[in-house]
Colleague: 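Here you go, one structure.
No hydrogens, no waters, no symmetry mates; every other heavy atom, side chains included, goes into these values.
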Amino acid sequence: MSLPQLRTFIEVYRRRSLSGAARALGLSQPAVSQHVASLEAQLSHRLFERRPRGVQPTAIADDLAAALGNSLDTAEAALATARARSARLSGTVHIAAPSDYLGEHVAPRLGPLVEAGLDLRLHIGGRAALYEMLLDGRVHLGLTASLPEDPRLACQGVGEENLRAVAAPAIAARIAVAATLREGLAAVPHLAYDLDRPLLRSWLEANDIVLERLPAVTVPDLRVLRASLCAGIGWSVLPGYLTREQRGDGSLAEIPAPREVPRNQFYLVWARAALRHPRVAFARDILLRALAGGG
């Protein structure tokens with residue numbers, strides 16, 4: 001069994017698709033089929049049952065995938081990292097992240113990648129879009145505050161963000177004079193990323209506060225929410241790194257958390273097969289070092 005054949009098998013197994021594996025590996029579909037057929041001949045067993053849409057692994061394929069585990073990914077990543085250290089890098093790396101995190105936290109730390117000779121293409125996307133871009137190969141690396149569940153993806157933590165409730169000083173003072181914090185928050189419109197209110201919900205749950213009304217404003221860019229808050233429109237919960245300057249100069253005031261200031265872990269995420277490319281392995285290692293710390 002050759003390494004390319006095993007890599008092809010793993011990609012077909014994870015994607016349940018010959019064509020999907022071919023796209024991920026940069027091979028033709030006949031080449032992928034040939035790799036699978038060669039393995040099946042060596043094992044004297046079928047590995048996949050063809051279906052109208054994709055393929056279904058057999059029990060033998062399940063056993064082989066379990067035996068391989070992530071060892072193939074680890075070996076290829078180690079080889080790619082070694083090659084990256086011994087050769088001048090070139091090519092393009094695609095990186096995706098939420099717009100605010102990309103602009104405030106990631107972009108200022110990309111210098112070493114450009115200096116190494118890489119071209120960067122930056123993409124904006126929330127959790128669902130980011131995972132989709134990683135899985136279909138449109139981006140190589142992604143940054144998100146959610147832990148991926150798809151086994152085709154791997155990740156590593158790159159620090160935390162603390163979540164702080166903030167408002168313009170006059171709005172914060174209005175909230176503070178209410179009989180209870182819950183009543184004060186309910187009396188003032190709140191702003192959120194979307195109707196699911198992920199950051200705001202985390203803060204409310206951590207502080208045992210129920211707020212049933214819907215947001216007065218939603219926008220999938222936390223920098224727009226910050227500008228609205230500074231203009232005296234409502235209150236919200238934002239990452240600490242995004243309001244540090246405004247809290248320092250007094251344009252925003254923190255609404256004290258009665259119990260705790262919750263924290264979100266941020267992750268650098270990649271498709272496991274992507275690390276076979278030296279430039280991607282190099283970019284991952286540089287970003288892991290540069291982004292450690294959080295905000």
Side-chain angles (χ1 to χ4, degrees), residues 97-106 124-131 142-149 157-267 293-295:
S99 58
D100 46 89
Y101 191 74
L102 184 63
E104 299 281 336
H105 202 68
V106 179
I124 293 171
R127 178 179 59 184
L130 187 147
Y131 288 158
L143 288 140
T144 176
S146 62
L147 190 63
E149 298 178 354
V158 289
E160 294 180 322
E161 60 178 7
N162 54 63
L163 304 180
R164 299 183 181 274
V166 290
I171 300 298
R174 176 180 165 190
I175 292 171
V177 299
T180 66
L181 179 58
R182 190 199 68 80
E183 291 177 3
L185 295 174
V188 175
H190 65 276
L191 290 58
Y193 183 88
D194 58 25
L195 291 177
D196 192 43
R197 309 181 305 179
L199 302 184
L200 189 139
R201 188 179 68 252
S202 294
W203 190 91
L204 292 173
E205 291 176 352
N207 291 286
D208 197 25
I209 297 173
V210 177
L211 192 66
E212 295 180 351
R213 66 183 295 182
L214 293 175
V217 176
T218 63
V219 58
D221 189 321
L222 300 184
R223 292 170 298 179
V224 177
L225 291 183
R226 181 181 62 187
S228 300
L229 295 172
C230 289
I233 303 173
W235 69 276
S236 190
V237 174
L238 296 178
Y241 70 83
L242 200 60
T243 62
R244 185 181 296 114
E245 180 180 341
Q246 289 72 23
R247 285 181 284 121
D249 65 21
S251 55
L252 288 178
E254 182 170 3
I255 301 166
R259 291 192 174 183
E260 66 172 298
V261 174
R263 303 184 72 86
N264 272 347
Q265 174 75 53
F266 249 89
Y267 300 93

Colleague: For the residue pair G125 and L130, what are the closest heavy atoms and their distance?
Modeller: O-CD1, 4.1 Å

Colleague: Provide the closest heavy-atom pair for E254 versus V261 in the form atom of the first, atom of the second, distance.
Modeller: OE2-CG2, 4.2 Å

Colleague: So which heavy atom on G240 is nearest to which on R247, and how close?
Modeller: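 Looks like O-NH2, 3.0 Å.
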
Colleague: How long is the straight-line distance from CG of N207 back to CD1 of I255, given to the nearest 0.5 Å?
Modeller: 11.0 Å

Colleague: For residues 225-234, pull every pair meeting salt bridge (Lys or Arg N to Asp or Glu O under 4.0 Å), keeping only residues two or more places apart or in separate chains.
Modeller: E104-R226

Colleague: Minimum heavy-atom separation for V158 to Q265, with atom names?
Modeller: N-NE2, 3.5 Å

Colleague: Measure across L200 and S236 and return the closest heavy-atom pair with its distance rounded to 0.1 Å.
Modeller: CD1-CA, 4.4 Å

Colleague: For the residue pair D194 and P220, establish whether any side-chain heavy-atom pair is separated by less than 4.5 Å.
Modeller: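 Side-chain contact under 4.5 Å: no.
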
Colleague: What is the distance from atom CZ of R201 to atom CG of D196, rounded to the nearest 0.5 Å?
Modeller: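 Rounded to the nearest 0.5 Å, the CZ-CG separation comes out at 4.5 Å.
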
Colleague: Please enumerate all residues that pass side-chain contact (heavy atoms from CB on, under 4.5 Å) together with E260, with sequence neighbours excluded.
Modeller: A206

Colleague: Quick check: closest heavy atoms across L229 and I233, and the distance to 0.1 Å?
Modeller: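 Closest pair (atom of L229, atom of I233, distance): CD2-O, 3.5 Å.
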
Colleague: Not counting sequence neighbours, list each pair that qualifies as a ring pair (Phe, Tyr, Trp, His ring centres under 6.0 Å) and has a residue in residues 198-229.
Modeller: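 For residues 198-229: none.
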
Colleague: Which pairs count as side-chain hydrogen bond (donor to acceptor under 3.5 Å, both in side chains) when at least one residue sits in residues 214-225, sequence neighbours excluded?
Modeller: S99-D221, D221-R223

Colleague: If you round to the nearest 0.5 Å, how far is CG of L238 from CG of L225?
Modeller: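 So the gap between those two atoms works out to 6.0 Å.
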
Colleague: Could you give the side-chain donor-acceptor pairs of residues 170-193 under 3.5 Å, partners two or more places apart or in another chain?
Modeller:
{"unit_1": "R174", "atom_1": "NH2", "unit_2": "A187", "atom_2": "O", "d": "3.4"}
{"unit_1": "T180", "atom_1": "OG1", "unit_2": "E183", "atom_2": "N", "d": "3.1"}
{"unit_1": "H190", "atom_1": "NE2", "unit_2": "R197", "atom_2": "NH1", "d": "3.2"}

Colleague: Decide side chain to side chain contact (heavy atoms under 4.5 Å, CB included) for L252 and C230; before the verdict, give the C-alpha distance in whole Å, the side-chain angles of both, and the deciding distance to 0.1 Å.
Modeller: CA-CA 6 Å; L252 288 178; C230 289; 3.8 Å; yes

Colleague: Mind checking whether Y101 and F266 have parallel, tilted or perpendicular rings, split at 30° and 60°?
Modeller: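 Y101 and F266: parallel rings.
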
Colleague: So, taking the atom named CZ in R244 and the one named CG in D249, what distance separates them when rounded to the nearest 0.5 Å?
Modeller: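 It comes to 13.0 Å.
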
Colleague: Stepwise, does the side chain to side chain contact (heavy atoms under 4.5 Å, CB included) test hold for E160 with N162?
Modeller: CA-CA 7 Å; E160 294 180 322; N162 54 63; over 6 Å; no

Colleague: Table please: side-chain donor-acceptor pairs of residues 142-149 below 3.5 Å, with sequence neighbours left out.
Modeller:
{"unit_1": "T144", "atom_1": "OG1", "unit_2": "S146", "atom_2": "N", "d": "3.2"}
{"unit_1": "T144", "atom_1": "OG1", "unit_2": "S146", "atom_2": "OG", "d": "3.0"}
{"unit_1": "S146", "atom_1": "OG", "unit_2": "Y131", "atom_2": "OH", "d": "2.7"}

